[in-house]
Protein chains: 2
Amino acid sequence: MKELAELLKMKNLKVTPQRLAIFHMLCNTTEHPSAESIYKSLESLHPTMSLATVYKTLDALKKVDLVQELNVGEDSFRYDAKIHCHPHVICIHCHEVQDLDTDILSDVRERIAHTTEFELVSEKLYFYGICPSCKSIEK
Amino acid sequence: MKELAELLKMKNLKVTPQRLAIFHMLCNTTEHPSAESIYKSLESLHPTMSLATVYKTLDALKKVDLVQELNVGEDSFRYDAKIHCHPHVICIHCHEVQDLDTDILSDVRERIAHTTEFELVSEKLYFYGICPSCKSIEK
DNA sequence: ATAAATGCAAAACCTTTGCACGCCT
DNA sequence: AGGCGTGCAAAGGTTTTGCATTTAT
């Protein structure tokens, strides 16, 4: 947990229990939670924390590149502590979001930069499908 | 314009001036407009049309696969009359959204399907960067 | 001590919904 | 004639904001 506090300090963010809790939660989940689910999951340990604080904290972490905001096409955003650009696979049944940590896009990226003459800075790739466990349930 | 009416009929949607206007506008722009900008761009020709109708129409067109909804990471959705899955390039300065109509992802898609065991049904790929004209302005 | 973060409530924003009216087929 | 589409207004949900209080450095 200490490292997280250091990271926050390095980014000139004050270290508060709320920030640590949110950041810690995000670093230790593979769920890609929304602000609402972060709030709910911390409710028992931080009963006085408000949803506004969750949003403000996520915004602060986002600005210093400690978390990234995902827009998988739902009503609300999801958050990911891994800021390295990576594709995601989303199950259209159970809404699980999985990371793909490969850099499979590098050649595609180059080709696009070349044809569009854009100076590319980032990308978001979402694959939608049915995960193995939902596939087996369906049958 | 006639073809558009035919398309609507084929999908069992009643042909109304509002629907034609919205569909026609979407088919003849490369702007990937939001509901709001569709509404504004039709204001002069259809002064009585309500924003709710725009949303309802887009929803109807979406359901019969005549338009697709894009979530490029802004507050609101954008709409595209091309329903074939294709990547987009978005300029982070002028917010222009360009289509990439290649199928550059096919090999990547296969690799992901193999490693995750997902049954993939669709994907969204957004590249973010600076477009040629914004690049030249910056200098 | 100072500046920043929190928590609450209210506001803002986009989108959806309910319902009466009108139009298309 | 019947049903679907429209328009208005209100509601819904997510996110942001203002402000007084508390907290971190």
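Below, read A as the first sequence line, B as the second, and so on, with proteins coming before strands; counting in each chain starts at 1.
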> When you list every nucleotide of DNA chain C with an atom under 4.0 Å from a heavy atom of chain B, which one comes first 5' to 3', and which comes last?
Replying inline: dC14(C) to dT25(C)
> With sugar-phosphate meaning primed atoms plus P, OP1 and OP2, does S76(B) contact a base, only sugar-phosphate, or nothing at under 4.0 Å between heavy atoms?
Replying inline: sugar-phosphate
>> Rounded to whole Å, please give me the gap between CG in L20(B) and C1' in dG5(D).
In response: 13 Å
> Just to confirm, is there a sub-4.0 Å distance from OP1 or OP2 of dG7(D) to any side-chain nitrogen or oxygen of T53(B)?
Replying inline: yes
> For N12(B) and dC4(D), what is the distance between atoms CG and P respectively, to the nearest whole Å?
Replying inline: 11 Å
>> Can you work out whether A35(B) or Q18(A) has the more 5'-proximal nearest nucleotide on DNA chain C?
In response: Q18(A)
> Any chance the rings of H88(B) and H86(B) have centres within less than 6.0 Å?
Replying inline: yes
> Over how many whole Å does the gap from R78(A) atom CZ to dT15(D) atom P extend?
Replying inline: 12 Å
> Atom CG of L58(A) to atom C1' of dT16(D): distance rounded to whole Å?
Replying inline: 13 Å
>> If I take atom CG in residue L42(B) and atom C1' in nucleotide dT6(D), what distance separates them, rounded to the nearest angstrom?
In response: 15 Å
> How long is the span from the CD1 atom in I22(B) to the CG atom in L66(B), to the nearest 0.5 Å?
Replying inline: 13.0 Å
>> Under 4.0 Å between a side-chain nitrogen and a carboxylate oxygen: does that hold for K56(A) and D59(A)?
In response: no
>> I'd like to compare against my own output: the B/S/- annotation of nucleotides 17-25 of chain D with a strict under-4.0 Å heavy-atom distance to protein.
In response: BB-----BS
>> With a 4.5 Å cut-off on side-chain heavy atoms, are V97(B) and D80(B) touching?
In response: no
>> For a 4.5 angstrom cut-off between non-hydrogen side-chain atoms, does Q18(A) reach L42(A)?
In response: no
> Using the C1' atoms of the five pairs at each end, what is the angle between the end axes of the helix from dA1(C)-dT25(D) to dT25(C)-dA1(D), to 10°?
Replying inline: 40°
>> Rounded to whole Å, please give me the gap between CD in E74(A) and P in dT15(D).
In response: 10 Å
> Distance only, no hydrogens: is a donor on one side chain within 3.5 Å (strictly under) of an acceptor on the other, for Y79(A) and E69(A)?
Replying inline: yes
> Going by heavy atoms in the side chains, are K124(A) and L125(B) under 4.5 Å from each other?
Replying inline: no
> Using a cut-off of 4.0 Å on non-hydrogen atoms, how would the nucleic acid contact of T48(A) be classed: base, sugar-phosphate, or nothing?
Replying inline: sugar-phosphate
> Is there a side-chain contact between L20(A) and T16(A), using heavy atoms and a 4.5 Å cut-off?
Replying inline: no
> In whole Å, what is the span from the CD atom of E69(A) to the P atom of dT14(D)?
Replying inline: 15 Å
> Does one side chain, of S50(A) or T53(A), offer a donor that lies under 3.5 Å from an acceptor on the other?
Replying inline: yes
> Under a 4.5 Å cut-off applied to non-hydrogen side-chain atoms, are P33(B) and S41(B) in contact?
Replying inline: no
>> Between E119(A) and K135(B), does any NZ, NE, NH1 or NH2 come within less than 4.0 Å of an OD or OE carboxylate oxygen?
In response: no
